[in-house]
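Side chains included, hydrogens not; waters and symmetry mates left out as well; all remaining heavy atoms used. Indexing begins at 1, ligand by ligand and atom by atom, following the structure's order.
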Amino acid sequence: MNPQSPASLPADAPWIVMKFGGTSVATLSRWQNILELVASRRAEGARVLVVVSALTGVTDALKQLCAQGEPGKRSEAAKAIAQRHYDLLDHMQLAMPDTLGERLADLAKLAHEGAAALGELAWQAQVQAHGELMSSALGAAFLSHSGLPTQWLDARDCLAAIALPNQNERTRLLSSMVDTKADPALNARLAALGEVFITQGFIAREAKGRTVLLGRGGSDTSAAYFGALLKAQRVEIWTDVAGMFTANPRQVPGARLLQRLDYEEAQEIASTGAKVLHPRCLSPLREPRVPLLIKDTNRPELDGTVIGPEVRAHAPSVKAISARKGITLVSMESVGMWQQVGFLADVFAHFKQHGLSVDLIGSAETNVTVSLDPTENLLDSDAIAALATDLAKVCRVKVIAPCAAITLVGRGMRSLLHTLSGVLAEFGQLRVHMISQSSNNLNLTFVVDEEVVDTLLPHLHELLIAAGALRTDDSALFGPSWQALYGSGESPAPAAAWWHESQRPRLLEIAAQATPRYVYHLPTVRHQARELKRLAAVDRLHYAVKANTHPAILKALAEEGFGFECVSPGEVKAVMAAVPSSAPLLFTPNFAPREDYAWALSTRSTVSLDSLYPLEHWGELFRGREIVLRVDLGRGLGHHEKVRTGGSGSKFGLPVEQIDAFLRLADTHGVIVRGLHAHLGSGILDDAHWGEVYAQLASLAERIGSVSFLDIGGGLGVPSHPGEAPLDIAELDRVLREVKAAYPQYQLWMEPGRYLVADAGVLLARVTQQKGKGTLRYLGLDTGMNSLIRPALYDAWHEIVNLSRLDEPATALYQVVGPICESGDVLGTDRRLPEAREGDVMLIAQAGAYGKVMSSHYNLRDEADEVVIE
Ligand code: ADP
Ligand code: ASP
Ligand code: MG
């Protein structure tokens, strides 16, 4: 490239501040990217101020140098640091520039002399400032040498630190703040000097002329101060990741890129742990309304995150989950403290005196617990010990560390509480020291032991997506996952789910004939059946017919070798009418009348019982028969409480403690228990679960003796939210084979329903009317809960697509509703969709399971008919 400057810029040309972090400035190839990026901004007609960090690892090395007692060791450390810069110069094929040579000499001198002359803290600040002083000198030489004349600027001549009354000396020198109103003439002063500048992040100067630091990671904040002082067009933060994500992508590869955020939300995410932005760097930009962009230096083509003043209308959603480690809790106990006037004032005076800023506060009748955050406090064990000694004079003190604070961030957190039950349940299993909800309604924080965080975070992120609390469907806000951008590029959605895109013309034709209509895609049913046939450990698969009784589906599954599980005589008859007589049948009713059993026993069905009553009262009916006993293992699982079918709160299954009584009754009537069955719920995506059920049934079967097969039920889930991970069939097979190896004497049966048909079906409906109400927009369809009751009944999530406008941008936010006279007649809330018109064809996805079968004539609206396509 040829970065030659075009004609010189007018005096009022806009400024762009570009900050490059430690990894962005550590290698020649990154500097080549920087050169190109800076030249392109300059070519846009802007003045550019480049703010750089120290080379990655150098600030840490300088801190270690400061901790060395011996001058010899300090000098050695300084030499090693100098060597990093020589090596990079070498790669750049540059001669040592004077500016860098001087800095290296200064550092060697500071290291040799130690703190005596300057005082410990001022010396530390002076030493650590050299990381940025050296990297910027090196950068100025490289850019200028590459044909982009670049002025080196000493940031300390522009950024004036302010001394705040509460700061102690340590904070004032090592974690300072800058007055952004101090130098209104800076803009004109620099404009007179040139067009492209490079300066240091992390450092400023205080009133006495000493160098101060802005706290670890503070280069972002330097860029923001410059952005505010220069009233820049924008500030760009260039780092090693393409923006702010919904979680730290190094911990949670499924984290999604946040495409746009307002200052407040971004601030909250940064200050609760997202290291990608220094927590102080947004406040200087708010008043001048300077937007901030986060981008990846190595992948500049990726979109990044834009942070600005606009609060956009979008669905209430958790935006991010962040974690801060190294949190220290201070618990203070005092009897009857609330009665004591000024108790809190006394306590907090000690924190102030030790220069410690309190973050979270929890209180009870006799206890106040507060957290100290290492990003706001320069915590060391001496500072905490001194604080504890002082506090001990007024109360009983306990220091709990190391802890971690896990925070869910999103505007309007309180309105999301009902979606968080799964997440709360997860915390219920841990030692939670403190829960805090911010008064600005932007966050909810849990303080737990530090060691649990790394495994907990990815799990919580998944739960948030599955619960619909993190609304990854809103594509205006949530971009691709980190994995999709940087990983192997695997498509996160199973291919089966998206047949409707390829079948769009056909679906539009079908809808043109009539709506509402269910359409079933048989190749998807077969695809799912074949997926399950990969489960080598399973001896017999039965389709749980209740999910969808369409004859074409029954036939297709019989052809795939499936048996059928039915819960009523009606279902048995439907199956017998559709499939060959060789297909095995299970009859597994619940609270059915005597005549249902009598009838089923007259067919070829294997009958299952799940209470004592039938044998107690109708024993003769079962005499000499082989039956299946359905047990309740005492717990339930699934995506909603109404689909959990285990535990005493559920009506299914014989409790384990009644098994002996059941066996005695069976004996009396000559009934043989041939199979044991358990089914805990539906929509389960955790593969380990079936292994546990299998092992429990097997150990019960050993007690019973006559059992030859175990039926571990169904409940295999299919992901419904974008980004949710599908069930891992290979892993499930591994889990099952492990149990099978221990109990080879039993055949293994399963009876999945939803897994086979959910993705194979869609409901087509038409747009009828629209209505605006307050801030909400309602989009009416010609069918609703009468055709698909799952959203109303289970808060189930179904993806909704405007099939007529698949290619148009999703700019509207709709509440999608039906025509039924019920407030609950909602198919989807807060859906980002293209602007719709009357007559548009809407597709409600994943409607193949429990759609048509649960529909009704309510309001005497016509039922949706069913169409099958190959
Ligand atoms: P730089 O050296 O460029 O200032 P940092 O290491 O300070 O870079 O910040 C970038 C890092 O922030 C990422 O590599 C990532 O590991 C971490 N990070 C933590 N939370 C988040 C998040 N929510 N989104 C993006 N990055 C995050
Ligand atoms: N170099 C400093 C640090 O490592 C500041 C920064 O990189 O933002 O903390
Ligand atoms: Mg940083």
Engineer: Does any pair with a residue in residues 243-255 pass salt bridge (Lys or Arg N to Asp or Glu O under 4.0 Å), and if so which ones, sequence neighbours excluded?
Structural biologist: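 As it turns out, the salt bridge (Lys or Arg N to Asp or Glu O under 4.0 Å) pairs with a partner in residues 243-255, which skip direct neighbours, are D240-R250.
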Engineer: Find the distance between CD (E265) and CD1 (I269) and round it off to the nearest 0.5 Å.
Structural biologist: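 Taking CD in E265 and CD1 in I269, the distance rounds to 6.5 Å.
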Engineer: List the steps, then state whether side chain to side chain donor-acceptor pair (under 3.5 Å) holds for R280 with S175.
Structural biologist: CA-CA 11 Å; R280 286 196 199 138; S175 184; 3.1 Å; yes
Engineer: Between ligand 2 and the protein, tabulate every N or O atom pair separated by less than 3.5 Å, reporting distance only.
Structural biologist:
{"unit_1": "ligand 2", "atom_1": "1 (N)", "unit_2": "T59", "atom_2": "OG1", "d": "2.7"}
{"unit_1": "ligand 2", "atom_1": "1 (N)", "unit_2": "E132", "atom_2": "OE2", "d": "2.6"}
{"unit_1": "ligand 2", "atom_1": "4 (O)", "unit_2": "T59", "atom_2": "OG1", "d": "3.3"}
{"unit_1": "ligand 2", "atom_1": "4 (O)", "unit_2": "R216", "atom_2": "NH2", "d": "2.9"}
{"unit_1": "ligand 2", "atom_1": "7 (O)", "unit_2": "S53", "atom_2": "OG", "d": "2.9"}
{"unit_1": "ligand 2", "atom_1": "8 (O)", "unit_2": "G217", "atom_2": "O", "d": "3.3"}
{"unit_1": "ligand 2", "atom_1": "8 (O)", "unit_2": "G218", "atom_2": "N", "d": "3.4"}
{"unit_1": "ligand 2", "atom_1": "8 (O)", "unit_2": "S219", "atom_2": "N", "d": "3.0"}
{"unit_1": "ligand 2", "atom_1": "8 (O)", "unit_2": "S219", "atom_2": "OG", "d": "3.2"}
{"unit_1": "ligand 2", "atom_1": "9 (O)", "unit_2": "R216", "atom_2": "NE", "d": "2.6"}
{"unit_1": "ligand 2", "atom_1": "9 (O)", "unit_2": "R216", "atom_2": "NH2", "d": "3.3"}
{"unit_1": "ligand 2", "atom_1": "9 (O)", "unit_2": "G217", "atom_2": "N", "d": "2.7"}

Engineer: How long is the span from the CG atom in L257 to the CE atom in M244, to the nearest 0.5 Å?
Structural biologist: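 Going from the CG atom of L257 to the CE atom of M244 covers 11.0 Å.
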Engineer: Quick check for you: to the nearest 0.5 Å, what is the distance between R30 atom CZ and L35 atom CG?
Structural biologist: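 Interatomic distance, R30 CZ to L35 CG, rounded to 0.5 Å: 15.0 Å.
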Engineer: What I want to find out is whether R41 reaches E236 closely enough, with some N-O distance under 4.0 Å, to be called a salt bridge.
Structural biologist: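 Yes.
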Engineer: Enumerate the protein residues lying less than 4.0 Å from ligand 1, judged by heavy-atom distances, in chain and residue-number order.
Structural biologist: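 Its neighbours under 4.0 Å (heavy atoms only) are K19, G21, G22, T239, D240, V241, G243, M244, F245, A247, N248, P249, R250, A274, K275, V276, given by chain and number.
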Engineer: Below 4.5 Å, heavy atoms only, C-beta onward: do L104 and M96 meet side chain to side chain?
Structural biologist: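 Side-chain contact under 4.5 Å: yes.
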Engineer: Using residues 15-23 as the side-chain source, report each donor-acceptor pair under 3.5 Å to any protein atom, sequence neighbours left out, with the distance given to one decimal.
Structural biologist:
{"unit_1": "W15", "atom_1": "NE1", "unit_2": "N187", "atom_2": "OD1", "d": "2.9"}
{"unit_1": "K19", "atom_1": "NZ", "unit_2": "D220", "atom_2": "OD1", "d": "2.7"}

Engineer: Check D60 with R216, please: is the shortest side-chain N to carboxylate O separation under 4.0 Å?
Structural biologist: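 Judged by the 4.0 Å cut-off on N to carboxylate O distance, R216 and D60 do form a salt bridge.
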